[in-house]
Novice: 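Here it is: the structure, laid out below.
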2 protein chains.
Amino acid sequence: MDMQSVADILRSHGFKVTPQRLAVYDALQNTTEHPNAEMLYNMLLPSYPAMSLATVYKTMEIFDQIGLAQVLNIGEDSYRYDARMENHPHVRCNTCGRVDDIMEFEDEAIMEQVAKLSDYKLTGRQLYFYGECPKCQGKKKKYN
Amino acid sequence: MDMQSVADILRSHGFKVTPQRLAVYDALQNTTEHPNAEMLYNMLLPSYPAMSLATVYKTMEIFDQIGLAQVLNIGEDSYRYDARMENHPHVRCNTCGRVDDIMEFEDEAIMEQVAKLSDYKLTGRQLYFYGECPKCQGKKKKYN
DNA sequence: ATTTATGCAAACGCTTTGCAGTCAT
DNA sequence: ATGACTGCAAAGCGTTTGCATAAAT
């Protein structure tokens, strides 16, 4: 079965289904900007004026735990979240700070190579790349 | 010229050469455990009883800035530091928490692939792998 | 003699926690 | 009815900052 709703997944893990949790998931899934807790909070405030930052954090911890979201550590001072669960690399623009997914990347060969070099039994990875995004490259030519 | 000492490098960037800075660099270079600030502080305390955590942080910021060390964000609650400046991946053991270098890894092909997929002009990367180290794999067989 | 660094303690910023009231089941 | 969740405020914790003293140039 693959067509489980967020509500089903929450329930099947013994968590209750609340409007806040559904809203957080909805917000996260409908953005590509890899928001941190505060960005999520601000996105939700208009429709949930009573929303609290603590609830966002608690919700994201659950989502991480039950596989509804992953946590990114891109070297900023706060965590970012991503609802795309296929493991994939991320690129961060050093100029504007945006973070993009790299979805088509094939990393089996890398995992094998690293497993061999390290003798670890690997279970996961986080690949972060840094540089300048297309938009900021353009700006540089015009204004710098 | 390639045989610059830490003292030379500090001076050439306008920083003063102090016993604390030399000691921090020495400690960092003579360990493979990728210490965080507190670990460094504790390593130095015996020989520098007056050492302060703030000095470790300030020193590491300078080292990062002038290329004497790099900062790692492995998904823990604190930063770790590495004096090996060639860019290389890291593996963290989920069981014992140790962090190892992967030195022989060739990542040019990956950088090219990611640059092509993302349209970013890449300047850096951080590759983190997670799993179980050889030692902990052994333990598991014996005790679990 | 100047200028920068150290070390302490206080401040910071993100995240977590405690708890009374509220909601999902 | 019960147990879990929310939201507020307070606490936590790694890191940074301010400042007086000390050390490097």
Side-chain angles (χ1 to χ4, degrees), chain A residues 5-25 27 34-66 68-81 97, chain B residues 5-25 27 34-42 44-66 68-81 97 99:
Chain A
S5 64
V6 179
D8 291 338
I9 296 173
L10 280 168
R11 260 188 290 261
S12 74
H13 286 269
F15 294 108
K16 293 195 170 165
V17 177
T18 68
Q20 290 90 335
R21 286 172 182 170
L22 297 176
V24 169
Y25 187 79
H34 305 83
N36 60 23
E38 189 159 14
M39 290 158 86
L40 278 170
Y41 170 71
N42 286 323
M43 290 160 80
L44 295 169
L45 258 194
S47 1
Y48 291 81
M51 174 68 62
S52 111
L53 201 45
T55 297
V56 175
Y57 278 111
K58 288 168 185 167
T59 301
M60 290 314 310
E61 195 192 333
I62 291 174
F63 285 0
D64 181 31
Q65 205 179 296
I66 66 182
L68 282 174
Q70 59 175 310
V71 182
L72 308 182
N73 251 267
I74 317 194
E76 297 172 325
D77 25 272
S78 61
Y79 294 115
R80 286 175 177 254
Y81 304 99
Chain B
S5 64
V6 179
D8 291 339
I9 296 174
L10 279 168
R11 260 189 290 262
S12 75
H13 285 270
F15 294 109
K16 293 190 170 169
V17 177
T18 68
Q20 290 90 335
R21 285 174 183 168
L22 297 177
V24 169
Y25 188 78
H34 304 84
N36 60 24
E38 188 159 16
M39 290 158 86
L40 278 170
Y41 171 72
N42 286 323
L44 295 169
L45 257 194
S47 3
Y48 291 81
M51 175 67 66
S52 111
L53 200 47
T55 297
V56 175
Y57 278 111
K58 288 169 183 166
T59 301
M60 290 314 310
E61 195 192 334
I62 291 174
F63 285 0
D64 181 31
Q65 204 179 297
I66 67 182
L68 283 174
Q70 59 176 308
V71 182
L72 308 183
N73 252 265
I74 317 195
E76 297 172 326
D77 25 271
S78 60
Y79 294 115
R80 286 175 176 254
Y81 304 100
V99 174

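Chain letters run A, B, ... following the sequence lines, proteins first and then strands; every chain starts at 1.
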Novice: Could you work out, with salt bridge (charged side-chain N to carboxylate O under 4.0 Å, His left out) as the rule, every residue matching A:R80, not counting sequence neighbours?
Specialist: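 For A:R80 the salt bridge (charged side-chain N to carboxylate O under 4.0 Å, His left out) partners, ignoring immediate neighbours, are A:E76.
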
Novice: Under the side-chain contact (heavy atoms from CB on, under 4.5 Å) rule, what do B:L72 and B:Y79 come out as? Steps first, then yes or no, please.
Specialist: CA-CA 6 Å; B:L72 308 183; B:Y79 294 115; over 6 Å; no

Novice: Starting from C1' on D:dG14, measure out to CG on B:N73 and report it in whole angstrom.
Specialist: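 Checked: the CG to C1' distance equals 12 Å.
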
Novice: More 5' along DNA chain C: A:Y81 or B:M51, using each one's nearest nucleotide?
Specialist: B:M51

Novice: Which residues satisfy the ring-ring contact (aromatic ring centres under 6.0 Å, His included) test with B:Y81, sequence neighbours excluded?
Specialist: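 Partners of B:Y81 by the ring-ring contact (aromatic ring centres under 6.0 Å, His included) criterion come out as none, since no residue qualifies.
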
Novice: Reading DNA chain C in the 5' to 3' direction, which nucleotide is the first one with an atom under 4.0 Å from a heavy atom of chain A, and which is the last?
Specialist: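 Footprint of chain A along DNA chain C, 5' to 3': C:dC14 to C:dT25.
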
Novice: Could you check which residues of residues 52-60 of chain B get a heavy atom under 4.0 Å from DNA chain C? Sort them by number, please.
Specialist: B:S52, B:A54, B:T55, B:K58

Novice: Sequence neighbours excluded, which residues qualify as side-chain hydrogen bond (donor to acceptor under 3.5 Å, both in side chains) partners of A:Q65?
Specialist: none

Novice: Between side-chain atoms of residues 9-17 of chain B and protein atoms elsewhere (two or more places apart, or another chain), which donor-acceptor pairs fall under 3.5 Å?
Specialist:
{"unit_1": "B:S12", "atom_1": "OG", "unit_2": "B:D8", "atom_2": "O", "d": "3.4"}
{"unit_1": "B:S12", "atom_1": "OG", "unit_2": "B:I9", "atom_2": "O", "d": "2.9"}

Novice: Can you find a heavy atom in the side chain of A:M60 that is under 4.5 Å from one in the side chain of A:L40?
Specialist: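 In contact.
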
Novice: Could you check B:R80 against A:Q20 and say which one's nearest nucleotide on DNA chain D is further toward the 5' end?
Specialist: A:Q20

Novice: Determine to 10° how strongly the helix from C:dA1-D:dT25 to C:dT25-D:dA1 is bent, judged from the axes of its five-pair ends.
Specialist: 40°

Novice: In Å, rounded to the nearest 0.5 Å, how long is the span from OG1 of B:T59 to CE of B:M51?
Specialist: 7.0 Å

Novice: Could you check how far CD1 of B:I74 sits from P of D:dG14, rounded to whole Å?
Specialist: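 Roughly 16 Å, once rounded to whole Å.
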
Novice: So, taking the atom named CG in B:L22 and the one named CD in B:Q20, what distance separates them when rounded to the nearest 0.5 Å?
Specialist: 9.0 Å

Novice: side-chain contact (heavy atoms from CB on, under 4.5 Å) between A:L44 and A:V24: does it pass, once the steps are laid out?
Specialist: CA-CA 7 Å; A:L44 295 169; A:V24 169; 3.6 Å; yes

Novice: Atom CG of B:N36 and atom P of D:dC13: how far apart are they, to the nearest Å?
Specialist: 15 Å

Novice: CE of B:M39 versus P of D:dG14: gap in Å, rounded?
Specialist: 13 Å

Novice: Distance check needed: D:dG14 C1' versus B:L40 CG, whole Å only.
Specialist: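 Result: 14 Å.
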
Novice: Which residues satisfy the side-chain hydrogen bond (donor to acceptor under 3.5 Å, both in side chains) test with A:Q70, sequence neighbours excluded?
Specialist: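 Per chain and number, A:Q70 pairs via side-chain hydrogen bond (donor to acceptor under 3.5 Å, both in side chains) with A:Q126.
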
Novice: Just by protein heavy atoms under 4.0 Å, how would nucleotides 20-25 of chain D read 5' to 3' in B, S and -?
Specialist: ----BS

Novice: Can you list every side chain to side chain donor-acceptor pair (under 3.5 Å) pair that touches residues 38-48 of chain A, not counting sequence neighbours?
Specialist: none

Novice: If I take atom CG in residue A:L10 and atom C1' in nucleotide D:dC5, what distance separates them, rounded to the nearest angstrom?
Specialist: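 After rounding, the reported distance stands at 12 Å.
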
Novice: For B:N36, which residues count as a side-chain hydrogen bond (donor to acceptor under 3.5 Å, both in side chains) partner, sequence neighbours excluded?
Specialist: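 By the side-chain hydrogen bond (donor to acceptor under 3.5 Å, both in side chains) rule, B:N36 matches B:S78.
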
Novice: Please name all residues satisfying side-chain hydrogen bond (donor to acceptor under 3.5 Å, both in side chains) with A:Y25, sequence neighbours left out, ordered by chain then number.
Specialist: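 A:Y25 satisfies side-chain hydrogen bond (donor to acceptor under 3.5 Å, both in side chains) with A:Q29 once adjacent residues are dropped.
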
